[in-house]
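Report on the following structure.
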Amino acid sequence: MSNIPTPLKELVERSKFLGANQDFVVYGGGNTSAKGEITDHFNRTKNVLWVKGSGADMMNAEAVDYPALYMDELIQILKFEKLSDEEMTDLVSRALVDPASRRPSIETLLHAFLPFKHIDHVHADAICALTNHKNGEKAVKEALGDKFAYVDWIRPGFELSKQASFLKDAEGIILAHHGLIVWSDNSDECKQKNLDVINKVEKYLSSLSKRPESVFQHTDYSDDEYKNLLLQLRGRLNKKGKKLLSLDTRLKEISSRKDIDEILSAGVSSADHMLRIKPWSAVLNESKDGEKSIKAIDNFATKYENYFESNKNLLPAGYSMNDSDPRVVLVPDLGAITTGHSLSECKMYADISFHTHKTAAMAKDSFGNVEGLPDSEIFGFDYWPMELYKLASKPAPKKFAGNIFIVTGAASGIGLGITLELAKLGASLVLADLDENALNAAAEKIKEVKGLKPEIIAGDQSDEKVVNKTVDLAIKTFGGLDGVVLSAGIAVTDQLKDLSVDKWNKGLAVNLTSAFLMTKAAMNAMKIQNSGGSLVYIASKNAFAPGAGFGGYSVSKAGMLQLMRIAALEGGANQIRANAINPDAIFDNSKLWEGGIREERAKAHGVKPEELEDFYAQRNILKSHVTSKDVANTTSFLLSDESARTTGSVIAVDGGVAAAFPR
C-alpha cells in the first residue's frame, strides 16, 4: 500500500477492523469513506471521495474496493430537490475518477454531503435493537442523549443523503432499521466513535433486559430423527432447484423460545439482510412430524406469494417474483437450518440470520416488543434494482451447484477422474476409498481445480457399517443425497482352474457387494428425501465381452449390471434412476493395473507391458486412447437432469469394442 494516498490507506485499515466484527456489519453490508486529494491526468490537484464499492466486503477490504469520485461534481448534486434512483446513479457514475472502477455504494452521496474527512456507516446489532420497536426514537434519546440525530426508516438514496446533510451538527446519526453513522476528521477517532457509541448502547440495553426465565421448549432428536428431518426438508426445498442444508446451532436457544413467532415477525434487523436471507425466516414448530414440517414450508411460500401479490403494483418493469421458499428455517432445540449452493453460502446465511434474529430477541427482551418494517417498505427493498445489482453481478451457478454426490473408489483411476470433473462443475462431494492418504491427495487436487472442499471417508465399502457411515456423512454434512457413483473396484485375474476362493470372494466383495450395500443405503435415503436421484455404476467392457484369465473380474462386473437393472426397476416409482457405464482400458491415475496386472494382461495379449495401452487403443473401432475424463463426461450426463428420462441403460465408453456392444 506504499503508493496509496494516506486517507485511503487509513480507510482500508479502519474498514477491515470494523468488518472483522459481525456484531457491526455482515457480508457486504455497511459502508465507509474518506476524503482527500489526488493529482489528476492534467497534473491538477483534485479533492476526491473514496467510498466502499457496492457489495464489497469490509472484512476483506482492499484499496481497489474503494472507487474515487470527484468531490466538486458530487457536491453539485446537492442542489437538486429530487432525484430518482436512476438519475442519482447516473450522476454519481459521472463523477468517478476511473469510469472502469467498481460501482460505488448506493449511499455515496450521504458520505459526500457530510463535510467530514472520515465517515462510517455500520449496521450494528445493538443499534438496530435500539430502534426496531415501537418507541425507537425515545430509546435513542434515553441511550445517547440529544447529541445524536434520529432518522426514521428511509430507503437509502438521494432523499436520505440530503436529509443527512442537514444533521452535520450532531455527533452522529441513528437510522431506524439501518444502523449508525459517525464521522471525524481523524480516522482513529472515527473508528473509536463506533466503539464508544455501540458500547454505550449495549450497556443501556443490558440495563433494560427483562428476558423471562424458563421460556424454552425442549425437544430431543435421535440420530435417525435428525437425518429424516434433513432429508424431508431438503426434498421439499429441492423443488425449486438443488440446495444444500446446513445446521447452525447458535440460534438453538432463540429457536426454542415460546415467543419465536413474534421474534420472526420482525423480519430482518437491517434491510440489506433481506437480499441474502429474504425478508423472513421460517420455523418448524412440529419438526418431528415430516408432513407438518413440509406444510410449514408450504405455508411460508404461500405467505410470501400473497405478500408479492399485494405489492406487485410497486414492482419495477421487467421483474418477477423471487423464489418463495425460505433460506433460513429455525428448528426448536436445534438452531437454524440454512440453504445454499455451498457450505460457505449456507454459513453466510447462518451468520446473517444469527445476527438478525439475535437483534430482534434483544429488542423484545429490552422493550417488550419488536417491530419490523411495513410490507410495502420491505417489498420496495426486496425488489429494489439498486440493491439487486449486487446479486445480479454474481457469477451464474455451476452445473452441479447444490448437488450432493458420493463417489466410491474416488482416490485413483476412473473414480478420481470423475471426482475432479464433478468438483469442477460445483458439486458437493463425499469421497470414499480405502486409501486415506490418496483421499487427502484427491482433496488437494479438487482445491487446484477450484472445487468445493469435499468430505472424505476411508474404509472398506464392502462393510455395511462403513457404507452407512458414508451415506450418513453426506446427509449430516450437506443435508441429503442426489447421486452416487459406484466406482470402487479391483482387478481379479487367473484362469478359473487356478482362481482361489479367497480371491474370487474378495473380487465379489469389492466389486459387487460394496455396490449392493451402497445401492441399498442410498436408495433408502433418496426415498425419504423424495426428490429422485441417480445411481451410476462403473462396470466394464468385460461385463459383455469377458477375457480368459479375467473371469473373477468379469463375473463381478456382469453382476453389477444386473444390480443396476434391479435398482432401476425398484427405484423408478421414486424417480431414482440407475444406469451403468462400461469403460475399457483406462490407464490414467489407475491402480487397477498394479500388482502385476499390466504384465499379466500384456502376456495374455502377446505384447510388451509398455505396449499395452497402445494395444487396447488399436483394438477399438475408433483407434483411440480412452481416459477417465471420457468416463467422467458420461457420468456427468447420467447424474444430471439431461438424462432425466434415462434409466436401466448401459453406455459403453470404450472407443468401440464390437464384442461388447450393449444388446
Side-chain angles (χ1 to χ4, degrees), residues 234-235 237-246 322-323 325 327 338-349 391-410 414-432 442-456 474-475 477-487 522 525-526 529 531-538 575-581 583 589 627-647 649 651 653:
R234 184 168 186 265
L237 294 170
N238 267 358
K239 288 183 178 180
K240 297 175 183 176
K242 296 289 174 61
K243 305 172 184 72
L244 308 187
L245 268 60
S246 180
N322 296 332
D323 176 8
D325 286 342
R327 292 206 178 117
T338 56
T339 71
H341 285 151
S342 65
L343 289 182
S344 60
E345 189 171 55
C346 289
K347 183 182 184 304
M348 175 176 68
Y349 296 158
L391 303 183
S393 61
K394 290 173 57 179
K398 294 181 179 179
K399 177 177 180 176
F400 285 133
N403 282 259
I404 305 162
F405 301 134
I406 294 171
V407 182
T408 68
I414 292 173
L416 179 58
I418 292 169
T419 290
L420 296 178
E421 181 65 15
L422 297 180
K424 288 177 187 176
L425 295 175
S428 294
L429 300 172
V430 174
L431 310 182
E444 285 300 313
K445 290 179 180 178
I446 285 176
K447 189 186 297 184
E448 292 171 10
V449 300
K450 296 181 169 39
L452 300 174
K453 182 182 178 182
E455 290 293 314
I456 64 173
I475 297 168
T477 304
F478 301 118
L481 182 62
D482 298 304
V484 180
V485 181
L486 301 107
S487 183
M526 290 173 178
Q529 186 172 263
S531 59
S534 178
L535 306 174
V536 180
Y537 298 79
I538 307 302
Q575 296 297 303
I576 300 170
R577 299 179 294 111
N579 297 282
I581 299 173
N589 302 311
T627 69
S628 62
K629 180 68 163 62
D630 299 315
V631 183
N633 290 338
T634 304
T635 303
S636 171
F637 167 72
L638 290 174
L639 287 171
S640 74
D641 290 339
E642 295 165 7
S643 61
R645 301 296 179 265
T646 302
T647 193
S649 71
I651 300 178
V653 183

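If you're wondering where the values come from, they're calculated on a predicted model, not measured in any experiment. Heads up: numbering here begins at 1 and tracks the sequence.
Tested against Leu244 for a side-chain contact (heavy atoms from CB on, under 4.5 Å), the candidates Ile404, Leu452, Thr338 yield a single pass: Ile404.
With sequence neighbours left out, Ser344 forms a side-chain hydrogen bond (donor to acceptor under 3.5 Å, both in side chains) with Ser342. Remark: Thr339 pairs with Leu237, Lys243, Leu245, Arg327 by the side-chain contact (heavy atoms from CB on, under 4.5 Å) rule, at least two apart or across chains. Not counting sequence neighbours, the partners of Ala443 by the side-chain contact (heavy atoms from CB on, under 4.5 Å) test are Pro454. For Ala580, the side-chain contact (heavy atoms from CB on, under 4.5 Å) partners two or more places apart in sequence, or in a different chain, are Tyr537, Leu561, Met564, Val650. With sequence neighbours excluded, the residues satisfying side-chain hydrogen bond (donor to acceptor under 3.5 Å, both in side chains) with Arg234 are Asp482, Gln529. The ring-ring contact (aromatic ring centres under 6.0 Å, His included) check on Phe405 picks up Phe400, with sequence neighbours excluded. In terms of the salt bridge (Lys or Arg N to Asp or Glu O under 4.0 Å) criterion, Lys239 has no residue partners (sequence neighbours excluded). Residues satisfying the salt bridge (Lys or Arg N to Asp or Glu O under 4.0 Å) criterion with Lys398, sequence neighbours excluded, are absent altogether. Residues passing the side-chain hydrogen bond (donor to acceptor under 3.5 Å, both in side chains) test with Ser628, sequence neighbours excluded: Asp588.
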Give the table of side-chain donor-acceptor pairs shorter than 3.5 Å for residues 630-638, with sequence neighbours excluded, one pair per line with atom names and distance.
unit_1, atom_1, unit_2, atom_2, d
Asp630, OD2, Thr627, N, 2.8
Asp630, OD2, Thr627, OG1, 3.2
Asn633, OD1, Lys629, NZ, 3.0
Asn633, ND2, Lys629, O, 3.4
Thr634, OG1, Asp630, O, 3.4
Thr635, OG1, Val631, O, 2.9
Ser636, OG, Lys399, NZ, 3.1

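Within a 6.0 Å radius of NZ in Lys453, no more than 12 heavy atoms belonging to other residues, nucleotides or ligands are found.
Residue pairs that meet the salt bridge (charged side-chain N to carboxylate O under 4.0 Å, His left out) test with at least one member in residues 443-452, sequence neighbours left out, are Glu444-Lys447.
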